[in-house]
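Data first, discussion second: the structure below is written as structure tokens.
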Amino acid sequence: MHRRLIIIGSGPAGYTAAIYAARANLKPLVLAGAQSGGQLMITTDVDNYPGFPEGIQGPDLMEKFRKQAERFGAEILDEDVSTVDFKQRPFTVVVSGRERYTADSIIITTGATARWLGLESELKLRGHGVSACATCDGFFFRGRDVIVVGGGDSAMEEALFLSKFASHVTVVHRRDTFRASKIMQKKLIDNPKISSVFDSVVTNVIGAETVEAAELENVKTGEKKVIKTDGVFIAIGHDPATGIFQGKLELNAAGYIKVHDGTRTSVHGVFAAGDVVDYRYRQAITAAGMGCQASIDAERYLEGEAPEVMNALKVS
């Protein structure tokens with residue numbers, strides 16, 4: 001049950017790390033999670049990943065990543081990690097509360113998940129007009145009306161980005177003032193294609209196959225109104241999947257893993273990549289790039305710790 005390298009998580013970062021590690025003959029074990037593949041598993045059209053000029057479905061892209069990692073010898077288990085111990089080496093990883101693995105090095109790629117409104121209609125139309133990523137899906141709304149839900153810098157950034165494509169952007173915020181920085185608010189106010197609705201929440205997303213409208217409710221008066229829209233973008237934050245690492249790795253105030261000098265965490269020999277680290281870009285291509293970096297960092301760490309073993313592996 002001992003491995004040179006264990007990768008916790010999957011998605012573009014985890015699978016890319018597995019591809020590079022397997023090609024380096026590290027024979028990595030990937031603990032992909034019960035719901036493997038990351039957020040792309042709930043994404044429909046992916047048009048911005050290089051190499052697919054006609055676009056590709058998110059789950060299909062992740063299947064290709066996975067098969068490529070397996071082709072080079074990565075072992076992938078669709079299991080959740082329940083606890084880890086980074087205090088002593090080799091590191092310990094417990095899977096599903098029962099199986100215990102040890103490893104000389106760990107790469108963490110558990111990702112982050114977007115916060116949603118929790119509406120049944122929102123879930124139904126997710127990927128069909130409901131999105132949490134303007135950079136991913138904004139192009140599809142060229143010349144259309146869209147709504148952005150949120151009041152922080154992320155919501156402002158989403159609205160400003162969408163204004164490059166959409167005919168009009170309506171920002172819906174539950175408070176009477178935005179939480180975003182003053183400079184971001186000014187950019188929003190100065191944009192003629194963006195308007196705001198304060199003291200309101202989205203209570204229903206309307207549409208049979210795609211988004212057609214949204215129901216808003218004023219939180220102070222209780223008044224409800226329906227506005228036509230072709231898309232609803234949720235920008236109320238993300239939650240990194242770092243629960244099992246609290247107290248074991250250094251995290252920032254928002255719960256993301258802190259890294260330095262590439263992908264190195266606060267524990268020597270433990271690396272992190274993808275959305276569990278990156279709260280700025282959150283793209284498949286950037287996560288894959290970080291997965292590559294983490295794998296190379298882990299390989300070099302292992303070479304430094306046990307060069308005679310690595311040399312033997314390279315010869316074989």
Side-chain angles (χ1 to χ4, degrees), residues 11-12 38-50 52 55-58 61 111-117 119 121-123 125-174 178-181 183-197 200-202 205 207 210-214 216 227-240 254 274-275 278-288:
Q39 293 191 76
L40 282 183
M41 296 301 289
I42 57 172
T43 303
T44 52
D45 296 321
V46 179
D47 277 348
N48 57 359
Y49 199 90
F52 299 93
I56 185 171
Q57 296 287 298
L61 180 60
T113 56
R115 295 174 190 159
W116 299 95
L117 301 177
L119 304 174
S121 56
E122 170 194 52
L123 178 61
L125 292 169
R126 196 178 298 175
H128 299 278
V130 174
S131 173
C133 180
T135 307
C136 309
D137 301 326
F139 179 81
F140 300 114
F141 294 87
R142 187 179 295 275
R144 299 184 176 186
D145 293 343
V146 299
I147 287 175
V148 173
V149 180
D153 280 350
S154 294
M156 304 298 103
E157 290 172 2
E158 297 277 275
L160 290 165
F161 180 84
L162 286 165
S163 70
K164 299 176 183 179
F165 306 97
S167 59
H168 187 78
V169 180
T170 302
V171 180
V172 178
H173 185 43
R174 66 182 301 118
F178 289 127
R179 295 179 292 104
S181 60
I183 188 169
M184 291 301 295
Q185 291 189 47
K186 186 177 187 308
K187 288 181 180 180
L188 199 80
I189 294 170
D190 291 344
N191 192 314
K193 295 176 69 176
I194 302 176
S195 62
S196 305
V197 177
S200 298
V201 294
V202 174
V205 182
T210 60
V211 172
E212 299 172 5
L216 308 185
I227 62 173
K228 291 184 177 180
T229 186
D230 300 298
V232 176
F233 286 80
I234 313 300
I236 56 176
H238 287 71
D239 294 313
D275 288 7
D278 175 23
Y279 50 85
R280 181 174 183 180
Y281 299 105
R282 300 193 189 99
Q283 299 298 301
I285 188 66
T286 52

Practice task
Please tell me if the side chains of T135 and Y281 come closer than 4.5 Å, counting only heavy atoms from C-beta onward.
Solution key: no
Exercise for the section: Please round to the nearest 0.5 Å and tell me the distance separating atom CD of E158 and atom CD1 of I234. Expected result: 10.0 Å
Fill in the blank from the handout: All heavy atoms of V172 vs all of S200, minimum pair found to be CG1-O, 3.5 Å
Handout entry: Heavy-atom check, side chain of F139 versus side chain of N48, under 4.5 Å
Key = no
Practice task
Identify the heavy atoms of V211 and V232 that sit nearest to each other, and give their distance.
Solution key: CG1-CG2, 4.2 Å
Completion exercise
Heavy-atom nearest pair, T229 first then A214, reads CG2-N, 4.0 Å
Practice task
List the steps and the verdict of side chain to side chain contact (heavy atoms under 4.5 Å, CB included) for Y49 and L40.
Solution key: CA-CA 11 Å; Y49 199 90; L40 282 183; 5.9 Å; no
Completion exercise
Those residues at least two apart in sequence (or on a different chain) that pass side-chain contact (heavy atoms from CB on, under 4.5 Å) with A114 are Q39, W116, A132, H238
Practice task
Can you measure from CZ (R179) to CE (M184) and round to the nearest 0.5 angstrom?
Solution key: 12.5 Å
Problem - Reference residue F52; test side chain to side chain contact (heavy atoms under 4.5 Å, CB included); the match among V46, L61, D47 - result: L61
Handout entry: Main-chain N/O of A287 paired with D275 side-chain donor or acceptor, under 3.5 Å
Key = no
Problem - Non-hydrogen atoms of A180 and Q185 that approach each other most closely - result: O-NE2, 2.8 Å
Practice task
Output all residues satisfying side-chain hydrogen bond (donor to acceptor under 3.5 Å, both in side chains) with T113, sequence neighbours left out; order by chain, then residue number.
Solution key: none
Exercise for the section: Would you indicate whether Y279, at its atom OH, is surrounded by more than 12 heavy atoms from other residues, nucleotides or ligands within a distance under 6.0 Å? Expected result: no
Handout entry: K186 atom NZ: more than 12 heavy-atom contacts under 6.0 Å
Key = no
I'd like a table of donor-acceptor pairs (distance under 3.5 Å, sequence neighbours excluded) in which one partner is a side-chain atom from residues 141-151, with atom names and distances.
{"from": "D145", "atom 1": "OD1", "to": "S167", "atom 2": "OG", "distance (Å)": "2.6"}

Handout entry: Close side-chain approach of V197 and T170, heavy atoms under 4.5 Å
Key = yes
Problem - Heavy-atom side-chain proximity of R280 to T286 below 4.5 angstrom - result: no
Completion exercise
Taking every heavy atom of A159 against every heavy atom of I194, the minimum-distance pair comes out as O-CD1, 3.7 Å
Practice task
Please answer whether the main-chain N or O of L117 pairs with a side-chain N or O of E122 as donor and acceptor at a distance below 3.5 Å.
Solution key: yes
Problem - Side-chain heavy atoms of V169 within contact of K193, under 4.5 Å - result: no
Completion exercise
Interatomic distance, CD1@I189 vs NZ@K187, rounded to 0.5 Å, equals 13.0 Å
Exercise for the section: Answer whether the closest heavy-atom distance between the side chains of C133 and R282 falls below 4.5 Å. Expected result: no
Exercise for the section: Check the pair H173 / S196 against side-chain hydrogen bond (donor to acceptor under 3.5 Å, both in side chains), numbers first and verdict last. Expected result: CA-CA 8 Å; H173 185 43; S196 305; over 6 Å; no
Handout entry: Heavy-atom donor-acceptor pair, R115 side chain to G237 backbone, under 3.5 Å
Key = no
Handout entry: Non-hydrogen atoms of N191 and S163 that approach each other most closely
Key = ND2-OG, 3.1 Å
